Amino acid sequence: MSESGRAASRTAVLVCQGRAVADGRAAVGRFADPVAVRLLDPAERAAVDAVRAGAPPQGWQARTGYESVRACAEVVVPRTVAIDEALRVRAPRQVVILGAGLDTRAWRLAELAGTDVWEVDHPASQQDKRARLAAAAPPELARSVRFTPVDFAVDDLGTALDGAGHDPAAPTTWLWEGVVPYLSRAQVRATLAALAARSAPGSALVLNYQAPSAKATVGRWLTRLLGNAITAGEPWRSLWQPARMAALLGEFGLRVVSDRDLLDLAEALGVSSRGRASLRSGRVAVAELG
Ligand SMILES: C[S@@+](CC[C@H](N)C(=O)[O-])C[C@H]1O[C@@H](n2cnc3c(N)ncnc32)[C@H](O)[C@@H]1O
């Protein structure tokens, strides 16, 4: 628990476990995250090993945890590939990762060798990540990584980035993956306003968000009912229809150039998935300034 009274994000750990499960298994040649497993503690790694071995544990609560990690691995593969490829083609000088969690890009993408990365996250989650990095210490591949603690619900993103040396006069590629559902509509809008105010011409936003889906919502409620403490502690607060998201981005001068659902992306990668509803409702959009 941090000084702010909030614990480090457990969904950030879940997503990292998903990437560790998929590493070397799914979409080989397009997806790889050998760093993810290094950030996990022994119990978290054991859960990854169980899924990789296809060995579900006894007991419904343990089984729910197992299924969450298994399902998460399916979701993260298309989303990671789409985002990595959007970053690679841009080769940006500045990347700001909003709600970075246990994101490993600064430690695994050689294409970021000329890039300064700002990892913005809730202070509790960021403190947890820094402790994990200190224990695992993978070499950094990005030119620099600057940790910038921000609670989107209370802190001013612009002030925090100013203090961390981000240059608003140079183009920035913003990355916002797996965070929007956990924020209210007002918090999403305020964050977009703050990032747009620091986006020089040539900037872009790579955004992952969740569209409304009755099936996916029921699935989430069921896992909560079955005692899944991970999703119970971090409820979804905003889901967006693509047209509504595009309109909101447009208000801040961000023009959507692509917006695909994860099922479509997974099929293009040739990976099979059991959780078609949650893949269908997850989306990755790229929006450019101007
Ligand atoms: C599901 S994790 C995603 C982490 C990472 N982007 C990824 O995809 O691996 C959600 C992240 O959102 C962050 N987050 C949620 N609410 C936040 C808030 N109010 N302020 C800052 N970060 C927040 C959490 O700390 C966590 O790192």
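We count ligands from 1, going down the list as the structure has it; atoms in each ligand are counted the same way. Remember, it's a predicted structure, so these values are computed and weren't measured experimentally.
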Clusters formed by hydrophobic residues whose side-chain heavy atoms approach within less than 4.5 Å: which one holds Val15, and what are its other members? Val76

Answer yes or no: is there a donor N or O on one side and an acceptor on the other, between the side chain of Thr191 and the main chain of Gln187, under 3.5 Å? yes

When you look for protein heavy atoms under 4.0 Å from ligand 1, which residues do they belong to? Arg6, Ser9, Thr11, Ala12, Val15, Arg19, Arg79, Gly99, Ala100, Gly101, Asp121, His122, Ser125, Val150, Asp151, Phe152, Ala153, Glu177, Gly178, Val179, Tyr182, Leu183

Under the ring pair (Phe, Tyr, Trp, His ring centres under 6.0 Å) definition, can you give me all pairs with a residue in residues 70-112, not counting sequence neighbours? none

Ring of Trp240, cation from Arg185 - is the NZ or CZ under 6.0 Å from the centre and inside 45° of the axis? yes

Single-linkage hydrophobic cluster, 4.5 Å side-chain cutoff, Val81 and Val75 together: no

Give me the other members of the hydrophobic cluster that Val37 sits in, counting Ile, Leu, Val, Met, Phe, Trp and Tyr linked by side-chain heavy atoms under 4.5 Å, directly or via other members. none

